[in-house]
Structure formats: C-alpha cells, structure tokens
Amino acid sequence: MKWHAAYAWLPDGLARDVSIEEREGKFSDVATGVVPGDHVRLAGLVVPGMANAHSHVFHRALRGRTSSSRGSFWTWRRQMYRLAARIDPEQLFLLARAAYAEMALAGITVLGEFHYLHHSPTGQPYDDPNIMGDALREAAAEVGVHLVLLDTCYLAGGLTAAGHEDLDPVQRRFSDGDVLRWASRVEALRPTHEMSVGAAIHSVRAVPQEFLGAVAEVAGNRPLHFHVSEQRAENEACEKFYGVTPVRLLRDSGVLGPTSTAVHATHLAGADTSDLAETKTAVCICPTTERDLGDGIGPARALADAGVSLCLGSDQNVTIDLLEEARALEMDERLATEKRGCFELGELIDAITVGGYRALGREGGRIEVGAPADLVAIRLDTVGTAGTEPSQALLAASAVDVDTVIVCGRTLISGGAHFLGDVGRLLAEAIDPLWSDE
Ligand SMILES: [Zn+2]
C-alpha cells in the first residue's frame, strides 16, 4: 500500500505532503515533500496508531448508569458488582466486540485489557478456565485491533490498617484462590497473532505482599501492570499495615522495572516519584475515569520531569477517546497549577502512541520505516476541527473526527465507519440484555 497525507505527525513533529508506504504490515518508506501520485489519499492529519494502555472492557456496560441521585462512589460500585455478578462468556464476547469496535472508531490500534473477570459467578472455574480471556481475544480478532491481555492476580477483598480482608462474594469470580493457580492459568494462555499476554497485580489491596514477587516472576519480560494509589484510603491502609507507601511496597517486592506500568499513581508520596523514575517504571494515567470517580489529579508533569514515561488509558470506558485523555492530561495540570502550557503537544501525542505501545510491550506507535503500519487519519474539516491549524488540531479533535484507521496495513475504519457495520447497534445489543431486569 502507498498512502499520501497532506499532514502527518512523524517522530520529529508535523510534516507536510508525506508519502507513506507499507509492505507486509510494516512501514517500508516514509518521505516528505512528495506530490500525490498513485497514492491512496488520507484525510486531514495522519498520526500513529493509538494505544489504550488500560481498559476494563466490561465496565462499558456501566456508562450512563451510575449517576442516579447524583452518583456516589457507592452507586458506582453497586452497579459494577451487579454487572460483574451476571456477565457470562458469550455476553462478554458480544460486549467486548462492540466496545473494541468503539475503540477502533476512536483510533485505538492496540489495547491493554486489565482482565480480572475470570471465573463463573460462584467463583468456580469454568470447564475451560480461560474461556473469559478467550472471549476477549476473539472479540479483538473480529474487530482487528491488537489485544494485550494483562491477566490479573486478585486474591483478597481489600486492605485495612489491620490487614487484608476476605473476598466479597462478587469478588470470588476474580480470584484464582492462590498465586500458583493464577500462574498456571496464565501459562496456559497462548499468545496469538491478535493477542499477546502480560500480567497484572490488581493492587496492593487485592494481593498481599508475600505474593507480589511471585507475580513479577511469572511476568518475566512481559508487561506487568498494577493499580496504585488511586485513592488516598489505599495509601493510608498500606502505610498503617506495612509502614510504607504502596509504591515502596511494590519496589521492595521486585515489582517495579522497565516492563512495569503503574496505573493511576494519583496520590504519590515520599520517594514514590523517584522510585518509579529510578526503576524506569511507566505510569498510565486515566483522566476521564479519575475525574468520574473523583479520584483526584495525579502529578503528571512532575513524573514526566523525573523521566517517567507516561501513557493513557480509557480504564472504565465511561469515555472512549484518547484525544480527550491527552487533552485532559494538559487541562487537569492547568487546573491544578493555574498555568497554561504544561505539556508540549509532542509529549501528549507520545503518551497516546509510542508511550502506550512501549507500556504494552509492542513495537511501534511511530510512523517510521520498520514499525508496524498502524496509523490514524483525523479529518480537519469537521464541525469540531474546521479552522484549526494542523499543528494544533489535536487539541480540538475528538474520536468522532477519526476518518481512517489502519492496523498492520489493514484498514479497519474507512470514512468513519467500521467494517463490522453499525457499532451503536452492536453496543445496544450487547448491553441492553445485561440490564433487562431493571
Ligand atoms: Zn483500572
């Protein structure tokens, strides 16, 4: 394939009249200042494929359903547990196929699924103990995006100053019971062309310290993600029970490192920032979820200044729009510091492209020779983007402005439509039956 872009975001910034060639799924030539010839012409501004580094896909069914009576944390959790208690493998497949198609429409080419909905609602493993993970793999394969399944170790119900709590009945389907059974189930997951396998620690609330190192060992060189310090209560319980912050506990247990990613890192304290930087641990911030849940604003600029690689995730999928996540990274920092211009545009683009690819253990996220041919074309003539300067358009654009999405040379989205058809209908058909008794 050979495409032409009037504007494209290349590793050293915005370029004009770019010819992009692909062979066997990878970029084989990228040249600037080229007059269009026998190229396929791409709309507007072309950027690398976007990586959604943190998703819990089943939460997509909660969108617009957790804010009755204004919506507290508890109304959210009650609805989440109701959903988690009922969804079966077929329903998960239908929901994931629709939500991953929604992600593709937003320009997402690779996604990290932080997967803990493992077993049957009673907590008994299914006959095929990886049937839920396989449902996610099949969904991603049908949609055409690359899935990084971050299979999550989840053993305890919570953490207080007195120690770990037993699992709530709903949480039983998240847990393998012990770390060895988690490890043997993960080892049975086979990577495929559409899916690679990584590991996750739900949090220091759900995995006691004596098991943290074992999870890191199973992860090996594969991506290892974990929620950390999303809310202050976690820090308080951890400091009271262990005498250290959650980040320090993870460092002391061998969890931090260059293939590790801390998700949220909202309430860092003490030496947490330098612990993350010194170990080359990445941080995934999820601004639309953190604002929805009232978590707070994380120290994104301070982390970047310390040399931490940032990436972004849609997390509970209340919004699926990485352009909005990138914009929120800057805008939240403005609100917190009362200053404009906290991040360079290039830093924001790196967070949703190459930074996310790296955190998910994938090559790419850049339009350069040898990288996977993943790209996104964003229209500059829509109601949202008309009149913008191409160099700043990404601060105005949204998921609805995505025109074309290509993964390893294959076109998933063309003219703003997915080849599966009406994604709104797929979402409704997957979600409505889950709430039919309400
Ligand atoms: Zn999460």
Side-chain angles (χ1 to χ4, degrees), residues 51-63 66 73 76-77 79-81 83-84 87 92 95-96 99-100 103 108 110-118 132-133 136 147-159 170-171 173-175 198-207 215 219 223-235 246-247 250 255 260-268 281-298 300 310-322 324-325 328-329 351-352 355-356 359-360:
N52 182 8
H54 187 70
S55 158
H56 307 285
V57 72
F58 78 95
H59 291 191
R60 172 62 183 84
L62 295 168
R63 188 186 297 176
T66 61
F73 175 76
W76 178 84
R77 195 170 113 141
Q79 289 291 81
M80 199 275 263
Y81 275 13
L83 179 64
I87 191 163
L92 182 65
L95 177 56
Y100 291 165
M103 291 186 197
I108 290 164
V110 55
L111 71 106
E113 179 67 32
F114 198 104
H115 168 54
Y116 58 84
L117 199 56
H118 297 124
M132 295 293 260
L136 299 171
L147 173 71
V148 180
L149 189 72
L150 301 162
D151 196 293
T152 304
C153 187
Y154 196 123
L155 302 174
L159 177 64
V170 175
Q171 294 169 318
R173 68 182 308 196
F174 308 163
S175 175
I201 290 163
H202 181 274
S203 58
V204 301
R205 290 172 282 126
V207 181
V215 179
L224 173 61
H225 289 214
F226 42 87
H227 295 124
V228 71
S229 295
E230 180 178 2
Q231 301 210 335
R232 292 183 196 278
E234 174 182 300
N235 287 38
V247 167
L250 292 161
V255 171
S260 299
T261 297
V263 180
H264 302 300
T266 310
H267 298 288
L268 298 183
T281 303
V283 168
C284 178
I285 297 181
C286 307
T288 64
T289 293
E290 289 152 9
R291 72 192 186 202
D292 181 75
L293 296 179
D295 293 336
I297 298 172
L310 299 181
C311 53
L312 290 156
S314 64
D315 194 359
Q316 61 159 329
N317 297 310
V318 68
T319 301
I320 294 178
D321 186 347
L322 286 187
E324 171 59 18
E325 304 291 349
L329 197 67
I352 53 173
L360 294 172

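Both backbone and side-chain heavy atoms feed into the values below; hydrogens, waters and symmetry mates do not. Counting starts at 1 for both ligands and their atoms, following the listed order.
Note on the Zn ion (ligand 1): protein N, O or S atoms under 2.8 Å away count 4, no waters included.
Not counting sequence neighbours, the partners of R291 by the salt bridge (charged side-chain N to carboxylate O under 4.0 Å, His left out) test are E324. Applying the side-chain hydrogen bond (donor to acceptor under 3.5 Å, both in side chains) rule to D321 yields no partners; only residues at least two apart in sequence or on another chain are considered. For the salt bridge (charged side-chain N to carboxylate O under 4.0 Å, His left out) test, no residue two or more places apart in sequence or in another chain qualifies with R173.
A donor-acceptor pair shorter than 3.5 Å cannot be found between the side chains of H225 and H227.
Taking the six-membered ring where the residue is Trp, the centroids of Y154 and H118 are separated by 6.0 Å or more.
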**OP:** Determine, step by step, whether H267 and D295 satisfy the side-chain hydrogen bond (donor to acceptor under 3.5 Å, both in side chains) criterion, reporting the C-alpha distance in whole Å, the side-chain angles of both residues, the deciding distance to 0.1 Å, and the verdict.
**Re:** CA-CA 9 Å; H267 298 288; D295 293 336; over 6 Å; no
